[in-house]
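Here is the structure we will look at, set down as structure tokens.
First the proteins, then the strands, lettered A, B, ... as listed; each starts at 1.
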2 protein chains.
Amino acid sequence: MTSERSSRKGGRSRDPRGERGIPEATVARLPVYLRALTSLSDSDVSTASSEDLATAAGVNSAKLRKDLSYLGTYGTRGVGYDVNYLRYQIAREIGLTQDWSVVIIGIGNLGHALANYSGFASRGFQVTALLDSDSARVGEAVGGLKISSLDDLDAIVQDNTVAIAVIATPAEAAQEVCDRLVAAGVSSILNFAPAVLSVPGHVDVRKVDLSIELQILAYHEQRKAQGVLADLDELEAGAI
Amino acid sequence: MTSERSSRKGGRSRDPRGERGIPEATVARLPVYLRALTSLSDSDVSTASSEDLATAAGVNSAKLRKDLSYLGTYGTRGVGYDVNYLRYQIAREIGLTQDWSVVIIGIGNLGHALANYSGFASRGFQVTALLDSDSARVGEAVGGLKISSLDDLDAIVQDNTVAIAVIATPAEAAQEVCDRLVAAGVSSILNFAPAVLSVPGHVDVRKVDLSIELQILAYHEQRKAQGVLADLDELEAGAI
DNA sequence: ACGATTTTGTTCTCGCGTTCACAAACTCTT
DNA sequence: AAGAGTTTGTGAACGCGAGAACAAAATCGT
Ligand SMILES: NC(=O)c1ccc[n+]([C@@H]2O[C@H](COP(=O)([O-])OP(=O)(O)OC[C@H]3O[C@@H](n4cnc5c(N)ncnc54)[C@H](O)[C@@H]3O)[C@@H](O)[C@H]2O)c1
Ligand SMILES: NC(=O)c1ccc[n+]([C@@H]2O[C@H](COP(=O)([O-])OP(=O)(O)OC[C@H]3O[C@@H](n4cnc5c(N)ncnc54)[C@H](O)[C@@H]3O)[C@@H](O)[C@H]2O)c1
């Protein structure tokens, strides 16, 4: 969706190793369920039905039940799901029982916003380094961290066992930065630059592209407008 | 995708009006093709084959050809596509031959970055207003615009015939802001707040959720790590 | 003029994802 | 204890999207 699909072949179909895999579409929804469960838990709700959860997550309840069924049978028929128990199970499945170290490359407009964002830490993602190639920026403190030089990348990735990196550089620099990240051992990348990244098969790339989102909205908006015009034409043609 | 599907029923299947619709998955890729074409055009390439374009866009060439076939038959067999002609046709189809007026609500960390971003204007999206509820922020100039009060929303939307709004407020405020936008006549919303928005059927919502993206990466990362462990076990068990 | 070559547009097939619908399993009431 | 009422988990049907494969259409070389 909305985004570049993972480069690995998806699906729950038989793995070489025989492990059960969760469908990609389901993986993308689990975080939404997690958020809904956290919200319910904060309101001291201890049990919720698939209908309740589905409403909170903005999906249809059959889909939610099927999604959860890939994790195991954590519900009780006639009752529903234990909010805290299910929350833990989803968190475990996604891998949020451990903390993840994240580095951000390119501390410009967007990089600053990301570095100052508190919503990552609260979900188990610890920003451990900020990197920029601009020597004028190196040393500057942002969100409690000092900006490091890109030359320190290898050392930083090793020291913090970083698996996830965020690219917020201009598009021209994205592929080169990406290559250096991969060489340093990073195997998951979130890319904000409007560029197609090419990576080896074991590396996952996801992209966030605001211009594309706006263009998709524009397409539908244009269609709505055309519909209105067509309706007007029908009226003028005396179709009613 | 990465993102909340459009609320309208998708697909190219027969419309009540009988207009041909473009599949949602194709719509999401057209902007990528557009970017690739622009890049080729800037390098003075006048003709490109589906293979060339597919490589530049990071997709498979059969998929690209099929996508383009929904727009019309703009290629020449044995030759390829005229870069500028195709670029114009895609832009027209998406609705980029007109300019779109965009407003941003919530000018905090992220809102500032968006307001300062030049990449929107260059793709036909004109940011015409910045709104915030914090009276201390109203009047502040950001990226050549002054922040307006949320109370002026109705007037601003009317004056600029705004169809598209970007929500960058905290999650708690998102639904209320959304309701006000819809009431003012906005029918396309790009939501950055980690909240499920409920809107009437004629309004399109797309969401950009960084925490979800990171969690999806974490899931795959965890799986890779488990795979390595399993391999180690096999080794220890003398499987080789 | 014509065969070889290139490349598009489209048909066909397969697999994934969504949704419906219902039996199974649990609780609650009497 | 038994029947009524809930709610889960899943089998089955269906539609959309991806990709392989190929016929049709254009160019090029001779
Ligand atoms: N600002 C936004 O709201 C926004 C919105 C959508 C997309 N984007 C995209 O995000 C990216 C960043 O946008 P921005 O507005 O922050 O840009 P920016 O120019 O403000 O910041 C880019 C930063 O990257 C650094 N940089 C450049 N080359 C580098 C390299 N090789 N290695 C490391 N750092 C390098 C620069 O020094 C600068 O600090 C761009 O690709 C942009 O298209 C930004
Ligand atoms: N900063 C990031 O990098 C980042 C990343 C991912 C998601 N987000 C999400 O984006 C949203 C904004 O993040 P941020 O870091 O900019 O937060 P922020 O707190 O810096 O900014 C929020 C802004 O919204 C304004 N606001 C609050 N209520 C409002 C209302 N009812 N109407 C209009 N304006 C209102 C506030 O005055 C403030 O200026 C949040 O929902 C956040 O979760 C941010």
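Taking all atoms of both residues into account, the shortest heavy-atom contact from B/S43 to B/S39 is OG-O, 2.9 Å.
In this model, no side-chain donor or acceptor of B/K63 finds a partner on the base of D/dG17 within 3.5 Å. Contact annotation: side chain of B/K66 to base of C/dT10, donor-acceptor pair absent below 3.5 Å.
Spacing between atom CZ of A/R77 and atom P of C/dT27 amounts to 12 Å, rounded to whole angstrom units. In this structure, CG of B/N60 is placed 14 Å from C1' of C/dT8, rounded to the nearest angstrom. Rounded to whole angstrom, the span from the CD atom of B/E51 across to the C1' atom of C/dT8 amounts to 12 Å. Distance, B/D52 CG to C/dT6 C1': 12 Å, rounded to whole Å. Rounded to an integer number of Å, the gap from A/L86 CG to D/dT7 P is 16 Å. B/L64 places its CG atom 9 Å from the P atom of C/dT8, with the value rounded to the nearest Å. As a whole-Å value, the separation of B/L53 CG from C/dT8 C1' is 12 Å. One interatomic measurement links the two molecules: CG of A/D67 to P of D/dT10, which rounds to 13 Å at whole-angstrom precision.
Under 4.0 angstrom from either OP1 or OP2 of C/dT8 there lies no side-chain N or O belonging to B/T76. Contact check, A/R65 against C/dC22: no side-chain N or O comes under 4.0 Å of OP1 or OP2. At D/dG9, one or more side-chain N or O atoms of A/Y81 fall inside 4.0 Å of OP1 or OP2 (strictly under the cut-off).
The nearest heavy atom of DNA chain C to A/V79 and to A/A25 marks one nucleotide each, and the one closer to the 5' end goes with A/A25.
Without hydrogens or angle criteria, A/S69 side chain to A/K66 main chain gives a donor-acceptor distance under 3.5 Å.
Paired with B/I90 under the rule side-chain contact (heavy atoms from CB on, under 4.5 Å), one option of B/L30, B/D67, B/L96 passes, and it is B/L30.
The structure places CD1 of A/I164 at 12.5 Å from CG of A/L181, a figure rounded to the nearest 0.5 Å.
One finds a salt bridge joining B/D209 and A/R35 here, because a Lys/Arg side-chain nitrogen approaches an Asp/Glu carboxylate oxygen to under 4.0 Å.
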